[in-house]
Amino acid sequence: MKKKVVAMVLAGTMIAGILSGCGGDGGANQSTGSQNTATQTPVSDEKIDVLNQSEKMKLSVVCLQGYTQPDSEMEKWMEERYNLDIEVIALPGWSDATAKITLLMGDETQRPDIIWWWNMEDDFTKWVDAGLLVDVAPYMDKYTVMRDYYNSIDPGVLFYASNEDGAMYRIPGDVAEPACEVLWIRQDWLDNLNLEVPTTLDELEACMYAFTNDDPDGNGIDDTYGLSGDGYDFRSFWPWIQGCGEGKGWMEFIKDDDGSYVYGAATEDCKTWLGRVAKLYADGVIKSNMITDTDRDEEMANGGFGVTYSWVTWNNPSSGTMQSFYASNPGAKWVPIDMVKGDNDHPQDNPASIGAWCYFGITNVCSDPERAYAIFDDMAQPENYLHKRFGVEGRDYIDNGDGSYEIIHAGDGAENTENNYGINLFQDLFSRKDACNIANTKETNDLFEKVKESSREAYAHKIEKRNPAAYTVNAELGTDIGDMMKEYAWGVIGGNKSLDDWDSYIKDLENAGLQDIIDELTQIHGAQAEQYEKYMQEHAN
Amino acid sequence: MKNKISGTTIRRSNGERAFSIFNYIFFTVLCVIMVYPFWHVVMMSFSSVEATARGGVFLWPKGFNLDTYAKVFRDPSIWTGYTTTLLVTIASTILGTLFTATTAYPLSKKDLPFSKTLSLLVLFTMLFSGGMIPGYLLMKNLHLIDNRWSLILPGLISAYNVIIMKSNFQTMPESLEESARLDGANDVTIFWKIIMPLSKATVATIALFTAVGYWNDYFSSVLYINSKDKWALQAVLRYMLTNTNQAMQSAGVTVAATTNVTAATIKAASVVVATVPILCVYPFVQKYFVKGVMIGGVKG
Amino acid sequence: MAASKNPAAEGWSDKCKRIGREMVKRRWMYFLLIPGIIFFTLFKYVPMYGLKIAFMDYNQYNPSQSTWVGLDQFIKLFSKRSFIPVLRNTVVISLLKLIIGFPIPVILALMMNEMRNLKFKKVSQTLLYLPHFISWVILSGIIMTLLDADNGLITTFINKIAGSRIMVLTDSKWFVPMLIVTDIYKGMGWGTILYFAAISGIDPQLYEAASIDGAGRWKQATNITLPSIIPTIVVVFIMNCGNILNAGFDQIFMLYSSHVYDVADIIDTYVYRMGIEKNDYSFSTAAGMFKSVVAFVLILIVNKIAKKTGNEGLF
């Protein structure tokens, strides 16, 4: 029996081995299709007039959000306008999209002309090395709508999209507003309890205690909390993070004022804010499910708390979350307030990344990359963008003429799918956050402007990586360190771990290689910082 | 019903009666617990968006409405998804069950040369697989990318089912086959005329496993299908549920908030839409389990 | 597979002749095997060359750039500081699921077989399968609602009994029991199907003979029904043993958080978190292969034990 089993296993391995030989050949054949050298970008002498092209061009586009079904009105509009034959390859939801993108890019027979992706930094580097993507930097100089838009937001956007040699193999698909969260408070509760709008962290905590203990809704039942928000997410505690000590207790690596790199979660500031939040949690001022993975929109719709740090867009009357909150809480009133002042005198809002969270690129199978780029650039023009993003004036939205708009059919509505309008097609293949985003009211735009201003000092500490794939030490050790940090910090907040163990926590982090990651940051990110300075000087208007 | 096993009703001790009562109560309670999540989902799918956002326990719909179903069914891709899934499930169940049986039957004969070797090689595939990329390259070389056959072929026979069926065939008495062989029947005839009809319950089980497996499969659509109108139902539903991603969240991108809040009801409705048809198949299969006893009973 | 037949054609002439004759005699059996052999060769064994990437630093976009690294990926996996605790968690969770969860469908099937009201039996059978059809994504949503730390139905109930605040989802003491209970809950009904199929194949004459001999229901169940389904139980058990390193990724992934990493972080969730940083197929293939090898060895051992104790094995 034993011998037989061994023989079987050997046989199996041998077969696998023989077959692996065939597989190897197949792989070799495949690689000959794509040259190893970086492809030279073909650039025509003249600007291509995308509206008057006699030759029909096939264009396959990968996208996830914003696609409903084939041959929508919007798709036909594009096909007609640019003389295209568009084929959309829809990605099947967030969790499996990466697998699909990997397969599509690895197969020269199925590779799309336009690829869209997010987070796949390592793969991106391999694509560039294998010559699968076209450098669009020369096109950007010729067709300037997208470039100018991004530079108007922050020249850093394109810095992070480009390579060190200036080549640009990816176009930013969607970039968040520079800051998108704001401190919210229940104005009606403040009024009921005769409280002032808090301006300091201590006052904020006092309000939260009052909201918890003094029955702010006057129903005689002890059913209210001070704080809630996105559960199991440190961002919900931003007012404490920015306000405790120097405000360096971020739960990530940051750049200190002197240009050195530190792990925010290992600073004394972090210990301070964890202690304060843990006390609030133990006192029942923070909703108990906030240490579990709850959804901020659901929590908001539920209500029952008076303070939260959350989306600016909730300020829009069209916000579904706020609509469902007000539907069950008539008379309630949430207002956005200025960030409260903590130990330091620099109240800051939470800055978002300047780098795009997703990108798209033109692949080497595209028959005319320049024309493809020119088409996307033309679609980025405000009037075209408005049409693509919000549909037809009068039918899908109403222009009130005073700068305000009313959305009738949203891209995620049933009418859009049923009538196959195709509103918001290619949602994340370029999107504008300026006045063209008519979903925002004027007040919301002002609020965005305000939180942007009040987040720049904090932004100076934020670390953004131009080429995350280069940080190999971080890839090796980062997960373990992040896990340790989360395990300890959430344990402290929830009361299962003690701040007395802080020193051993720090020791664990150090043993796991914290200094190696910091050294790597100093080396790679330090060099990047110089390039950034230079780039920003060159691109300062 | 009239063939209910007689004799057993004759004598029943007190202990047996007590057990019987306990049994019924136990299963009633168990069923209630089992049904609850499904009930919860169904009721949620009929509830209003505002009510679901507030969460809690759903014994009845809160703010009854059919908007969610309207939204789900107004999407044409649901219907293309149903078409693909039905075609794929029916074809795969028939072919898969048949081939599982034809593979398992020879392997159940221990005296057949190499049957043990082959069994082990089948078992081996249950534990080791080449992974996603070789599977894709195979489909590509067979020119089946974006073709519905790519949804059918790769999972047609599962090692698990072969083993189950094989062990069922091993419990069959040799004598039946011997007598047929004396009558001059060959192995194919014996398999088709004698073995298969006697294995109805097992065949039904394997068919059910195969059908449910294919019905719930979405990952093949992810891997091998590019055009959305050829996606299987499960892939369509997953796509519908596409919600904010962590990367967007941490970048601070908020999607139009309507999507977020409706996600719960849409999720619920899509579970109902996806599950109810396959549940309807079950009673037909169940018949064979019960019948297995009855046919035997008639003979006795 | 076809290749393995060839050695039989050479050497030890007598034995080979006998086997050859036997093969010719049973040619129709091999005819039946044709679709199976084609299927397993083409769709299972041909893609198996993909296992080689566990020994490589694989570049799927430019395979010629891939390099052989020997056992580096495995060494990387084993030398992770979290590897031992993660392996321990995996084994503990799946062993508990196996030991507690395995007998339940058997017991349920036997109990249900005692029901003589066929309608009730049929309905309750069908209802027991429902949780199987609800994915972990949905089910975990419901579980989280019921266990919500703030106002969950079960939390409120537990707190009333215990008199203190118990948060199952973030408490290391409660999390694993919760995993096991919910896993049994989801799978036990569906798990009975195989046993029902086996029970329905039992010859009713056996029961009649037994009842004539004066055996009660209990005796019939333990002396006829149970022994008749033992082969099925053994086969299912051996196959479940192959899952010892699959503690249930979907379930744990949807429910866990850093609060319970110390008890609930398993190989799959750990490898997944590692993979978020880097889309590394070689590493995850190596982790998968490690699991498969362990499962294979375990199945061989359990199969041998089963045969030694007089049962039919898998092969």
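The sequence lines fix the lettering, A, B, ..., with proteins before strands; numbering per chain opens at 1.
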Nearest-0.5 Å distance, OG1 of residue B:T275 to CG of residue C:L130: 9.0 Å
Nearest-0.5 Å distance that lies between atom OH in C:Y45 and atom CZ in B:F128: 9.5 Å
What's the shortest heavy-atom distance between C:I19 and B:P113, and which atoms? CG2-CB, 3.7 Å
Please classify the contact of B:M44 with chain C as side chain, backbone, both or neither, using a heavy-atom distance under 4.5 Å. neither
Ranking C:V123, C:I138, C:L139, C:N243 by heavy-atom pairs under 4.5 Å to chain B gives rank one to C:I138
Ring centroids only, cut at 6.0 angstrom: are C:F133 and B:W215 within range, meaning strictly under it? no
Under 3.5 Å donor-acceptor, C:E114 side chain and B:S20 backbone: no
Please name the pair of heavy atoms, one in C:S200 and one in B:A201, separated by the smallest distance, quoted to 0.1 Å. OG-CB, 3.2 Å
Quick check for you: to the nearest 0.5 Å, what is the distance between C:L32 atom CG and B:L107 atom CG? 10.5 Å
With chain C, the option among B:L123, B:T102, B:T103 that has the most non-hydrogen atom pairs under 4.5 Å is B:T102
Side chain / backbone / both / neither for C:F39 at chain B, heavy atoms under 4.5 Å: side chain
Please check this pair: side chain of C:Y281 against backbone of B:I133, looking for a donor-acceptor N/O pair closer than 3.5 Å. no
C:W190 atom CH2, neighbour heavy-atom count above 12 within 6.0 Å: yes
In the structure I gave you, are the side-chain heavy atoms of C:M29 and B:V188 within less than 4.5 Å of one another anywhere? no
Determine the minimum heavy-atom distance between C:F43 and B:P154, stating which atoms define it. CD2-CA, 4.0 Å
With the side chain counted from C-beta on, respond yes when C:P231 and B:S167 share a heavy-atom pair under 4.5 Å apart, and no when they do not. no
Side chain from CB out, backbone as N, CA, C, O: work out which of these in B:S108 comes under 4.5 Å of a heavy atom of chain C, or both, or neither. neither
Just checking, any donor-acceptor pair under 3.5 angstrom between side chains of C:T126 and B:Q286? yes
Is B:V271 close to chain C through its backbone or its side chain, or both, or neither, when contacts mean heavy atoms under 4.5 Å? side chain
Toward chain C, the part of B:L153 with a non-hydrogen atom under 4.5 Å: both
Sort out for me which of C:M239, C:E22, C:M289 touches chain B most, counting heavy-atom pairs under 4.5 Å. C:M239
Salt-bridge criterion met for C:R27 and B:D187 (N-O under 4.0 Å): no
Would you check if B:L121 and C:F40 make a side-chain contact, meaning some heavy-atom pair closer than 4.5 Å? no
Greatest number of heavy atom pairs closer than 4.5 Å to chain C - which of B:V162, B:V212, B:N216, B:I278: B:V212
Nearest-0.5 Å distance, CD1 of residue C:I299 to CE of residue B:M126: 4.5 Å
Where does B:I33 contact chain C at under 4.5 Å (heavy atoms): side chain, backbone, both or neither? both
Quick one: CG on B:L156 to CG on C:L42, what's the gap to the nearest 0.5 Å? 11.5 Å
Do C:Y185 and B:M34 have side chains that approach each other closer than 4.5 Å (heavy atoms only, starting at C-beta)? yes
Side chain to side chain, C:L127 and B:F27, heavy atoms closer than 4.5 Å: no
Contacting region of B:F99 [heavy-atom separation from chain C under 4.5 Å]: side chain
Quick check for you: to the nearest 0.5 Å, what is the distance between C:K219 atom NZ and B:E16 atom CD? 11.0 Å
Could you pull out the closest heavy-atom pair between B:Y36 and C:I142, with the gap in Å? CE2-CG2, 4.3 Å
Just wondering, do C:R26 and B:D111 contact through their side chains at under 4.5 Å, heavy atoms? yes
Closest non-hydrogen contact found for B:G135 with C:P47 is N-CB, 4.2 Å
Using the ring centroid of each side chain, check whether B:Y24 and C:F120 are separated by less than 6.0 Å. yes
Among B:L112, B:I163, B:T202, residue most engaged with chain C (heavy-atom pairs, under 4.5 Å): B:L112
What part of B:I157 lies closer than 4.5 angstrom to a heavy atom of chain C: side chain, backbone, both or neither? both
Side chains of B:T189 and C:W28: closer than 4.5 Å at any heavy-atom pair? no
When the 4.5 angstrom heavy-atom criterion is applied to B:F191 and chain C, the contacting part is side chain
Cut-off 4.5 Å, heavy atoms of chain B, and the answer for C:V234 is neither
Heavy-atom pairs under 4.5 Å with chain C - which of B:C31, B:A101, B:P37 has more of them than the others? B:P37
Specify which of C:I34, C:V236, C:I134 makes the most heavy-atom pairs with chain B at under 4.5 Å. C:I134
Has B:T205 got a side-chain atom pairing as donor or acceptor with C:L194's backbone, closer than 3.5 angstrom? no
Side-chain heavy atoms of B:P106 within contact of C:Y30, under 4.5 Å: no
Hey, which of C:M111, C:K44, C:M188 has the most heavy atom pairs under 4.5 Å with chain B? C:M111
Of all heavy-atom pairs linking B:L127 and C:S292, the shortest is O-OG, 2.7 Å
C:I53 portion near chain B, given a 4.5 angstrom heavy-atom threshold: neither
